[in-house]
Amino acid sequence: MIDLIEADEIGSISDGIAWMRNGDRNPFRRFQIGQVYQFKERLRTELEIVGRVIGITNEFVVFGLRNLVNMNLEIVNLRPRQIDAELQDEPSAEQRARILHLMEKFSDVFPVQVSLAELLKLPNLTDKEEVLLRMYESDVFEKTWEDYKNQMQAMEVSTNRKKDNIRAA
């Protein structure tokens, strides 16, 4: 970049940064959030070899990979030149569509939103995570919510009757 400033091709460092971010020399241009990459070698022995791009910062491409020991999501920040991986076809397009639909359905239930957002960071789901997804898709939540509302209404009616009885006495 300093060479470009000295050659009067760009006027400042900020112009150089903008040029690099938008030009062919931008090392981040090939990465997009949501893409799945298969690494040529494991980043660490306990990590799955496939990861999903879950973020891009000024310095790093952020990958979500599954830890094969505890099955948790691991976040790995890599500079573009450190990434020795090939772009893969989306392995879980149908599951991701289901998750996005559920995120709309439960937009007012923060804990469910959080769990669904975390599922989107993984390149593929385990059997237990698939069961969780199916549970969210079932009518269990709606049925439980209706039961809860009915219980609360019954308690309110009962409380009001007790107050009325006390006042009458």
Side-chain angles (χ1 to χ4, degrees), residues 1 14-152:
M1 193 175 330
S14 62
D15 288 345
I17 291 170
W19 176 75
M20 284 189 68
R21 285 187 177 159
N22 297 317
D24 291 337
R25 293 183 184 208
N26 177 355
F28 294 95
R29 73 182 177 285
R30 70 178 176 129
F31 299 101
Q32 293 178 8
I33 293 176
Q35 290 178 323
V36 176
Y37 283 84
Q38 180 169 347
F39 290 85
K40 294 194 174 145
E41 293 181 19
R42 291 187 189 278
L43 298 174
R44 293 193 317 253
T45 56
E46 72 274 13
L47 294 182
E48 191 173 34
I49 200 160
V50 176
R52 182 177 302 281
V53 177
I54 60 172
I56 300 173
T57 69
N58 287 337
E59 196 172 348
F60 298 107
V61 178
V62 183
F63 282 91
L65 296 111
R66 184 173 304 276
N67 182 313
L68 297 172
V69 174
N70 59 22
M71 301 309 281
N72 290 338
L73 173 70
E74 292 270 337
I75 307 298
V76 177
N77 296 310
L78 297 172
R79 289 186 169 82
R81 68 179 179 276
Q82 295 173 306
I83 301 170
D84 190 13
E86 291 183 19
L87 181 62
Q88 301 292 298
D89 290 333
E90 173 57 58
S92 56
E94 184 255 330
Q95 286 175 330
R96 290 177 66 75
R98 290 168 50 211
I99 292 168
L100 292 169
H101 172 73
L102 288 169
M103 289 181 83
E104 287 178 25
K105 181 178 178 180
F106 295 111
S107 62
D108 58 342
V109 185
F110 181 72
V112 175
Q113 285 282 312
V114 170
S115 67
L116 292 169
E118 290 300 299
L119 289 177
L120 284 174
K121 294 178 181 178
L122 295 163
N124 51 47
L125 301 182
T126 64
D127 291 342
K128 287 181 181 179
E129 291 160 345
E130 176 62 31
V131 169
L132 175 68
L133 196 56
R134 289 181 186 187
M135 187 181 76
Y136 284 151
E137 291 172 323
S138 74
D139 63 351
V140 170
F141 285 102
E142 284 81 9
K143 198 172 186 181
T144 304
W145 172 243
E146 289 301 318
D147 291 346
Y148 176 76
K149 283 193 328 188
N150 292 337
Q151 288 173 0
M152 290 295 107

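Starting from 1, each residue takes its place in the sequence as its number.
Heavy atoms only, all atoms of each residue included: Gly64 and Pro123 are closest at O-CD, 3.9 Å. The heavy-atom pair separating Leu73 from Ile75 by the smallest distance is CD2-CD1, 3.9 Å. In terms of heavy atoms, Ile49 sits closest to Arg42 at N-NH1, 3.4 Å.
Gln38 contributes atom CD, which lies 4.5 Å from atom CD of Gln88 (distance to the nearest 0.5 angstrom). Here the NE2 atom belonging to His101 is positioned 8.5 Å from the CZ atom belonging to Phe106, to the nearest 0.5 angstrom. Rounded to the nearest 0.5 Å, atoms CD (Glu46) and CG (Leu68) are 8.5 Å apart. Once rounded to the nearest 0.5 Å, the distance linking CD1 of Ile99 with CG of Leu120 reads 5.0 Å. Going from atom CG of Leu102 over to atom OG of Ser107 covers 11.5 Å, rounded to the nearest 0.5 Å.
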- Task: Apply the test side-chain contact (heavy atoms from CB on, under 4.5 Å) to residues Val36 and Leu87: give CA-CA distance (whole Å), side-chain angles for both, the deciding distance (0.1 Å), then the verdict.
- Result: CA-CA 6 Å; Val36 176; Leu87 181 62; 5.9 Å; no
- Run the side-chain contact (heavy atoms from CB on, under 4.5 Å) check on Val62 and Val76 step by step: do they pass? CA-CA 6 Å; Val62 183; Val76 177; over 6 Å; no
- Where do Leu100 and Leu116 land on the side-chain contact (heavy atoms from CB on, under 4.5 Å) test, with the steps shown first? CA-CA 8 Å; Leu100 292 169; Leu116 292 169; over 6 Å; no
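For the salt bridge (Lys or Arg N to Asp or Glu O under 4.0 Å) test, no residue two or more places apart in sequence or in another chain qualifies with Lys143. Residues meeting the salt bridge (Lys or Arg N to Asp or Glu O under 4.0 Å) test with Glu104, sequence neighbours left out: none. Legend: residues meeting side-chain hydrogen bond (donor to acceptor under 3.5 Å, both in side chains) with Ser92, ordered by chain and number and at least two apart, are Arg52, Glu90. For the salt bridge (Lys or Arg N to Asp or Glu O under 4.0 Å) test, residues two or more places apart in sequence or in another chain that qualify with Arg79 are Glu59. By the side chain to side chain contact (heavy atoms under 4.5 Å, CB included) test, Phe110 pairs with Val114, sequence neighbours left out. Residues satisfying the side chain to side chain contact (heavy atoms under 4.5 Å, CB included) test with Ile56, not counting sequence neighbours, are Phe28, Phe31, Ile33, Val53. Under the side chain to side chain contact (heavy atoms under 4.5 Å, CB included) criterion, Val131 pairs with no residue at all, not counting sequence neighbours. Every salt bridge (Lys or Arg N to Asp or Glu O under 4.0 Å) that Lys40 has, sequence neighbours left out, goes to Asp84. By the side chain to side chain contact (heavy atoms under 4.5 Å, CB included) test, Asp89 is found to be paired with no residue, residues two or more places apart in sequence or in another chain being considered.
Counting only heavy atoms from C-beta outward, the side chains of Val50 and Leu65 never approach each other to under 4.5 Å. Side-chain contact between Leu43 and Leu78 is present, with heavy atoms from C-beta onward closer than 4.5 Å.
Pairs of residues two or more places apart, or lying in two chains, that qualify as salt bridge (Lys or Arg N to Asp or Glu O under 4.0 Å) and include a residue from residues 130-139 are Arg98-Glu130, Arg98-Glu137, Glu130-Arg134. Residue pairs meeting the salt bridge (Lys or Arg N to Asp or Glu O under 4.0 Å) criterion with at least one partner in residues 114-124, sequence neighbours excluded, are Glu118-Lys121. Applying the salt bridge (Lys or Arg N to Asp or Glu O under 4.0 Å) test to pairs two or more places apart or on separate chains, those with a residue in residues 65-77 are Arg44-Glu74, Arg66-Glu129.
Side chain to side chain, Glu146 and Tyr148 fail the donor-acceptor criterion of an N or O pair below 3.5 Å.
By the 30° and 60° cut-offs, the orientation of the rings of Phe39 relative to Phe63 is perpendicular.
More than 12 heavy-atom neighbours from other residues, nucleotides or ligands sit within 6.0 angstrom of CG on Asn150.
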